[in-house]
2 protein chains.
Amino acid sequence: MSPPYGRSMSRDRDFTAVGRALSTPARSTFLNLLMDGTSRPAGELALAAGVSASTASEHLTVLVDAGLVTCRATGRHRYYSLAGQEVATALESLGMLADAAPVSGYRRSRRAEYLAAARFCYDHLAGRLGISLTDAWVHAGWLAGRDELALTDAGAVGLRELGVDVDGAVTARRATTRACLDWTERRPHLAGALGSAVGTRFLDAGWVTRHRSGRGLDVTEAGRELVREAWGINLADAGAA
Amino acid sequence: MSPPYGRSMSRDRDFTAVGRALSTPARSTFLNLLMDGTSRPAGELALAAGVSASTASEHLTVLVDAGLVTCRATGRHRYYSLAGQEVATALESLGMLADAAPVSGYRRSRRAEYLAAARFCYDHLAGRLGISLTDAWVHAGWLAGRDELALTDAGAVGLRELGVDVDGAVTARRATTRACLDWTERRPHLAGALGSAVGTRFLDAGWVTRHRSGRGLDVTEAGRELVREAWGINLADAGAA
DNA sequence: GGGACATTTCGGCGTCCACCGAAGCGTCCC
DNA sequence: GGGACGCTTCGGTGGACGCCGAAATGTCCC
């Protein structure tokens, strides 16, 4: 009869390659930088991690070989980014186990506040903005269940009016909605295919813009007005004040 | 005003400790063995990974220090198990990225078939049994959405009749339902608090029993009858035939 | 109490690998 | 074409760590 599942493949997983990829400070820093879904050139990553260009290059090769990161060559730059949504999800749940990284050498204090206000978690909105939106939508009956965030009929209508590609999200192969727990705040915000669609819409509509060459998002005036009028969310100008 | 989220804590995560814990074959083997939710003594783990007792002891210290594993001392044995449900969840999503482990030295071919039939994935049913039950319950309208598996009213009634602690699962702090993707088959099966409650019920009712000192579950005659009569699931006796 | 057993601690060995600077390769731009 | 620039490859070095056997610790049981 032979084994029923083709080839005598083990059901076990070999965690060693992925584990080794995560096991050094420089590579951990790289992944943290890429977790907002951006692509960054090797040099920038090297600088951020405080290693030489050659060392960074070796690290990036390890990450690519492990399947965590992909490389896109453009001109004389090579842009690295996370290899996909599964990688972001895996890192997200691993982050629940990991400690907060010690504040590294380069200046970060100012940025931390921007991060807290609004940021991308790979493909969906996070930070205070992501949490506030999710809370408001649960409250409005658009999303059901604090831990599942299932899309209701009312939510489908409302988000469609907002210009979110709801239908694309529902028919996507990945889970429509998913709750992503913020590492520090531990409060759920909308992820999954719908979370991605919402993020895309917010960017396309100009309600948020990626903060120049850095991490975090700026919520534009139009964006602030929208969330205030539609859902009564008052984004404190903590960053600006 | 000082930083709004207390202490100038970095929003980044330090993946190095967890990564290092995963980065050696012996430790990867240990984690695979413990992923079914069992507790195992150090000696058994050493034997399974093919390392000396002293080496295994060192590895286990690393895993405990990384917070992935906990130790319970009983008599002259020390039983190790996964540190919690978050660890199981993280490993589960990491497994999506990792390769299948090469079949290691010790005999495993026979066991693979038991594993495929029914097994525990930390706290919920998996294997063919887990997948079949989930499919049947989606079909019966007990669970909604192939990727979310949200509990319906009918499902709550049905599972409560079955003796599952539905109310405990709904009020639990973790997500009530969650879809867990099997690594090899890539088919969703019920996880989350409700998945755990179902697993507990199946064990308590004697519908499945843990296979003696090994991995995988035996579905008892009562269990086979239940799933056949209630949901038309015919568990092929692949293991016995 | 003594002997078997499970496990950890210790000391030592060999290998792996993170790191750097220098050199090589490709791209851009004057 | 030549020089600046971004990145990778190469060679070499030092430290970290996976491995074992031997000895130490602790538990069980006669």
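Predicted model, so just to flag it, every value in this text is computed and none were measured.
Using the six-membered ring where Trp is involved, B/His189 and B/His124 have ring planes that are tilted, between 30° and 60° apart.
Figure legend: cation-pi geometry between A/Arg72 and A/Tyr80 absent, as NZ or CZ is not positioned both under 6.0 Å from the six-membered ring centre and within 45° of its axis. For the pair A/Arg27 and B/Phe15, the cation does not sit on the ring face, since its NZ or CZ is not both under 6.0 Å from the ring centre and inside 45° of the axis.
Counting only distance, with no hydrogens or angles, the side chain of A/Asp14 and the backbone of A/Thr16 share a donor-acceptor pair below 3.5 Å. For the pair A/Thr200 (side chain) and A/Ser196 (backbone), a donor-acceptor distance under 3.5 Å is present. B/His77 contributes no side-chain N or O that, together with a main-chain N or O of B/Thr74, makes up a donor-acceptor pair within less than 3.5 Å.
Read 5' to 3', the first and last nucleotides of DNA chain D with an atom closer than 4.0 Å to a heavy atom of chain B are D/dC17 to D/dC28.
Contacts between residues 65-79 of chain A and DNA chain C, defined by a heavy-atom separation below 4.0 Å, involve A/Gly75, A/Arg76, listed by number.
Side-chain contact between B/Thr70 and B/Ser81: present, with at least one pair of heavy atoms (C-beta onward) separated by less than 4.5 Å. B/Leu217 places a side-chain heavy atom less than 4.5 Å from the side chain of B/Leu125.
Looking at every heavy atom in both residues, A/Leu203 comes nearest to A/Val208 through CD2-O, 3.5 Å.
Between B/Asp123 and B/Arg174, at least one side-chain nitrogen of the basic residue sits less than 4.0 Å from a carboxylate oxygen of the acidic one, meeting the salt-bridge criterion.
A straight line from CG of B/Leu47 to P of C/dC5 spans 15 Å, rounded to a whole angstrom. Between the CG atom of A/Leu45 and the C1' atom of C/dA18 there is a distance of 17 Å, rounded to whole Å.
Here A/Ser52 does not reach the OP1 or OP2 of C/dC19: none of its side-chain N or O atoms lies under 4.0 Å away.
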Between the protein and nucleotides 9-16 of chain C, are there any N/O to N/O pairs under 3.5 Å, and if so, what are the atom names and distances?
residue : atom : partner : partner atom : Å
C/dC10  : N4   : B/Glu58 : OE2          : 3.4

